[in-house]
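Here's the structure we're looking at; comments come further down.
Residue indices begin at 1 and follow the sequence shown.
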Amino acid sequence: MKKRAKTLPGVTRRQVLTWSALGVAASVSQTADAVSLKGSPGWTPFSDNPPETFDQPGWLFFTDEEARTVEAVVDRLIPADELSMGGKEAGCAVFIDRQLHGFYGTFERLYMEGPFQKGTSEQGDQSALVPQQRYRQGLAALNRYVQTTSSQKKFFDLTPEQQDTLLLNMEAGKVHFDGFDAQSLFLEILNNTMEGFFADPIYGGNKEMVSWKMLGFPGARYDYRDYIERHNENLQLEPISIAQWKAKG
């Protein structure tokens with residue numbers, strides 16, 4: 001049997017391995033040359049893993065009634081004012097529709113085999129329903145509730161004041177829908193609306209980069225090093241979408 005290599009008295013094999021690794025790292029750092037990239041990237045963005053986007057016109061998941069309902073909701077969550085357009089015009093409903101049509105709508109990339117138990121607020125939603133099912137069932141429950149309480153109307157038929165009151169009660173858990181949790185529906189639409197308003201326009205929302213312009217966010221620029229040391233000044237940078245990146249020829 002091959003004898004184990006001896007080490008110095010009081011020195012463990014773990015220490016020897018650690019020293020060896022540090023020695024290799026030091027030798028590599030002495031020979032490696034840093035490369036500084038400036039200007040446009042030398043590759044096509046997402047060439048290996050493109051973002052899931054859809055260019056087809058019209059609604060890809062929502063029915064016409066569902067789309068009108070979601071447009072009415074997002075316009076109350078983000079009403080138009082002197083700072084920006086409203087949620088509907090900004091494309092928030094389109095963003096949600098595209099997300100539901102894609103892998104988010106089916107939770108394709110998540111483990112969905114159970115067990116399904118009620119979780120804590122820190123654990124988030126533990127439902128067996130995927131977003132497509134939540135929206136389809138939740139929007140139907142919302143409009144059934146409105147029909148039974150407002151003379152056969154739908155949510156988008158209510159006045160803005162009535163819509164605000166209902167949404168506030170949904171958020172506070174003060175109303176209960178038949179067959180679906182009203183508060184969970186409100187939170188789902190609220191989160192997705194914010195995502196659509198602030199996400200890169202490549203995903204269907206944030207029309208004309210309205211939220212980025214409102215905040216002064218310069219967008220998904222490739223290189224900020226020319227501006228790192230320029231503090232507390234308005235750089236007057238127009239925001240850039242990922243879709244505007246161009247690889248060097």
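Of all the heavy atoms in Pro201 and Asn206, the pair that sits closest is CG-O, 3.5 Å. The two residues Met170 and Ala182 come nearest to each other via the heavy atoms CE-O, 3.5 Å. In plain terms, the two heavy atoms of Ile189 and Leu139 that are nearest each other are CD1-CD2, 4.2 Å. The shortest non-hydrogen separation linking Phe156 to Glu65 is CE2-O, 3.8 Å. Between Ile78 and Cys92, the shortest heavy-atom contact is CD1-SG, 4.3 Å. A pairwise comparison of heavy atoms in Gln163 and Ala72 identifies NE2-CB, 3.9 Å as the closest pair.
A donor-acceptor pair is defined here as one N or O able to donate and one able to accept, closer than 3.5 Å; such a pair exists between the side chain of Thr148 and the backbone of Tyr145. With hydrogens and angles ignored, the 3.5 Å screen pairs no side-chain donor or acceptor of Gln147 with any backbone N or O of Lys153. The main-chain N or O of Pro218 is never found under 3.5 Å from a side-chain atom of Lys213 such that the two would form a donor-acceptor pair. Side chain of Asp157 to main chain of Lys154: a donor-acceptor pair is present (N/O by atom type, distance under 3.5 Å, no hydrogens or angles).
If you take NZ on Lys207 and CZ on Phe197, they are separated by 12.5 Å, rounding to the nearest 0.5 Å. Phe95 CZ to Asp97 CG: the interatomic distance, rounded to the nearest 0.5 Å, is 11.0 Å.
Tyr104 places none of its side-chain heavy atoms less than 4.5 Å from the side chain of Val130. Phe180 is listed as a side-chain neighbour of Leu129, based on a closest heavy-atom distance under 4.5 Å. At a threshold of 4.5 Å between non-hydrogen side-chain atoms, the residues Arg134 and Leu185 do not count as touching. You'll find the side chain of Thr165 stays beyond 4.5 Å of the side chain of Gln162, heavy atoms only. A heavy-atom distance below 4.5 Å is not found between the side chains of Arg98 and Tyr203. The closest side-chain heavy-atom distance from Ile96 to Tyr135 is below 4.5 Å. Between Ser241 and Met209 the shortest side-chain heavy-atom distance falls below 4.5 Å. Contact of the Phe62 side chain with the Glu71 side chain is not registered, since no non-hydrogen atoms from C-beta on lie closer than 4.5 Å.
Under a cutoff of 6.0 Å and an axis angle of 45°, Arg136 and Phe61 form a cation-pi pair.
Screening Asn143, Val74, Val146 for a side-chain contact (heavy atoms from CB on, under 4.5 Å) involving Thr69 leaves a single residue, Asn143.
Legend: residues meeting side-chain hydrogen bond (donor to acceptor under 3.5 Å, both in side chains) with Asp181, ordered by chain and number and at least two apart, are Ser184. Among residues two or more places apart in sequence or in another chain, the side-chain hydrogen bond (donor to acceptor under 3.5 Å, both in side chains) test is passed with Asp164 by Arg76. For Thr149, the side-chain hydrogen bond (donor to acceptor under 3.5 Å, both in side chains) criterion is met by no residue, not counting sequence neighbours.
Counting heavy atoms of neighbouring residues, nucleotides and ligands inside a 6.0 Å radius, atom CG of Asp64 does not exceed 12 of them.
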